[in-house]
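Read the structure below first, then the notes.
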Amino acid sequence: MKPIKFEGAKSKSTMAFRHFNSSEKIQGKPMGEHLKFAMSYWHTLCSGLSDMFGEGTVEKTFGKKSLIDIAKAKADFGFEFMSNLGIEYYCFHDTDIAPEGETLKETLDNVWMMVEHLDVLQKKTGIKLLWGTANAFTNKMFMSGAATSPNADIFAITAAKVKTAIDATIKLGGTGYVFWGGREGYDTLLNTNMELELNNLAHMLTMARDYGRKAGFDGDFFIEPKPKEPTKHQYDFDAATCIGFLKKYGLDKDFKLNIEANHATLAGHTFRHELATARINGMLGSIDANQGDMLLGWDTDQFPSDIYEAVYCMLEVLKAGGFKTGGLNFDAKNRRQSNTIEDMYQGYILGMDTYALGLKIADRIIKDGRIDDFIANRYKSYKSGIGQKIVKGETSLENLTKYALGLKQINLESGRQEHLESIINQLMFG
Ligand code: XLS
Ligand code: CA
Ligand code: CA
């Protein structure tokens, strides 16, 4: 496979970029730096595209037999794939990069062996690690959770995996470390001590923070909210729940959020709602870019193709001042019937072009100014007089009652949703 080229919007090729032109500047900054695209190791290099009803439709052993040889071949393919696409970052779980051994020691040693291999590939290509994480949900020992397991030995094994994954992240220069809850949640309170489990989860995150800081990790820790799947009640339900949790346990200075599009919609929110919730709390750290299917009630992890969603996402990213330690990780996999290497490239090209176009249109919306002006104007009553006192917290129920009793008439101004939606369409399609 050859490097994928930028051919511009007129191109009819689906094996070329039509919008993603890494060096093109938007708001004075190259597109590549705005978008910080990352490859998800698990979907891209490990998933055979099996589902609940059927086996995988693609083979990802890369012609090798032993587990270690397969792991190295995956890494080699992955770095060639990223280089061809011009993707500068990747994300992994410990179990994506290295096979599990017979014992915990063997498993952790395998991770270290692969870290050395990845280090060489990083130096050769200039590709960087965005974030690392520990998989504490696939192995059957985690059936009842990891940091929230009812069994303290499982908690200890989780700690060992988290420690190694943090060490690996530091060694590879990762700027983020993710905690996605996995099986941290419950199916029934008939067998669950929720209070103890939540306290233990906080103990794990606190130990990870303290260990990471001591070991020299100066990036961000991220929590990735998800409302359900695999458990009925995932503890990290959505952005607001996670922020409340982090504040309760004093972790909000070191943790930010990794918002996934598909998890947002599973929570009954829009993607933008989750991003905005994180942003206004100063916690928009990183993004898992994908999309779900509104007619299917599960986490389908599809490559993003919805331009509206990408536009609203990039508006939030621009408003947050861009990514610092995070980026846009394609936590996405091909559909089961898309089972060729070409499909893998086309999935990424689709996602990258969707977000590049999203960025361009978001910039256009900001420059146009009509939406921002409308919102600012809508709240003008808070700029002076009583409104200003409310905003500053300088009034009371008594004062406001006196003021309200003196009101002669009130102005109910239209929210003009349809007008605003037309502006968005104008700016998107002309
Ligand atoms: C699963 C999650 C997972 C995290 C990393 O639904 O998206 O892949 O991103 O553990
Ligand atoms: Ca994810
Ligand atoms: Ca997902």
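All ligand and atom numbering here is 1-based and tracks the order in the structure. Computed from heavy atoms alone, side chains included, the values below leave out hydrogens, waters and symmetry copies.
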Exercise: do [X] and [Y] side chains pair donor with acceptor under 3.5 Å:
X: Trp42; Y: Asp331; answer: yes
X: Asn110; Y: Glu100; answer: no
X: Thr340; Y: Glu342; answer: no
X: Glu197; Y: Tyr186; answer: no
X: Asp167; Y: Thr164; answer: no
X: Gln291; Y: Ser305; answer: yes

_Taking the basic N atoms (NZ, or NE/NH1/NH2) and the acidic carboxylate oxygens, is any pair closer than 4.0 Å for Asp299 and Lys226?_
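Looking at Lys226 together with Asp299, the answer is yes, because their closest N to O distance falls below 4.0 Å.
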
_Selection residues 325-347 - residue pairs positive for ring-ring contact (aromatic ring centres under 6.0 Å, His included), sequence neighbours left out_ =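 Passing the test, one end in residues 325-347: Phe37-Phe330, Phe81-Tyr345, Phe330-Tyr348.
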
*With a cut-off of 3.0 Å, which protein N/O/S atoms are close to the Ca ion (ligand 2), if we only count those under it?*
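Short answer, with waters excluded from the count: Glu224 OE2, Glu260 OE1, Asp288 OD2, Asp331 OD2.
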
For ligand 1, run through the N/O pairs with the protein that fall under 3.5 Å and put one pair on each line.
unit_1   : atom_1 : unit_2 : atom_2 : d
ligand 1 : 6 (O)  : Lys226 : NZ     : 2.9
ligand 1 : 6 (O)  : His263 : NE2    : 3.1
ligand 1 : 6 (O)  : Asp299 : OD2    : 3.0
ligand 1 : 7 (O)  : Glu224 : OE2    : 3.0
ligand 1 : 7 (O)  : Glu260 : OE1    : 2.8
ligand 1 : 7 (O)  : His263 : NE2    : 3.4
ligand 1 : 7 (O)  : Asp331 : OD2    : 2.9
ligand 1 : 8 (O)  : Trp42  : NE1    : 3.4
ligand 1 : 8 (O)  : Asp331 : OD2    : 3.3
ligand 1 : 9 (O)  : Glu224 : OE1    : 2.7
ligand 1 : 9 (O)  : Glu224 : OE2    : 3.0
ligand 1 : 9 (O)  : Asp288 : OD2    : 3.1
ligand 1 : 9 (O)  : Asp331 : OD2    : 3.1
ligand 1 : 10 (O) : His93  : NE2    : 2.6

Pair up each side-chain donor or acceptor in residues 8-16 with any protein partner under 3.5 Å, not counting sequence neighbours, and list the distances.
unit_1 : atom_1 : unit_2 : atom_2 : d
Ser11  : OG     : Glu7   : OE1    : 2.7
Ser11  : OG     : Ser13  : N      : 3.1
Ser13  : OG     : Met15  : N      : 2.9
Ser13  : OG     : Ala16  : N      : 3.4
Thr14  : OG1    : Gln346 : NE2    : 2.9

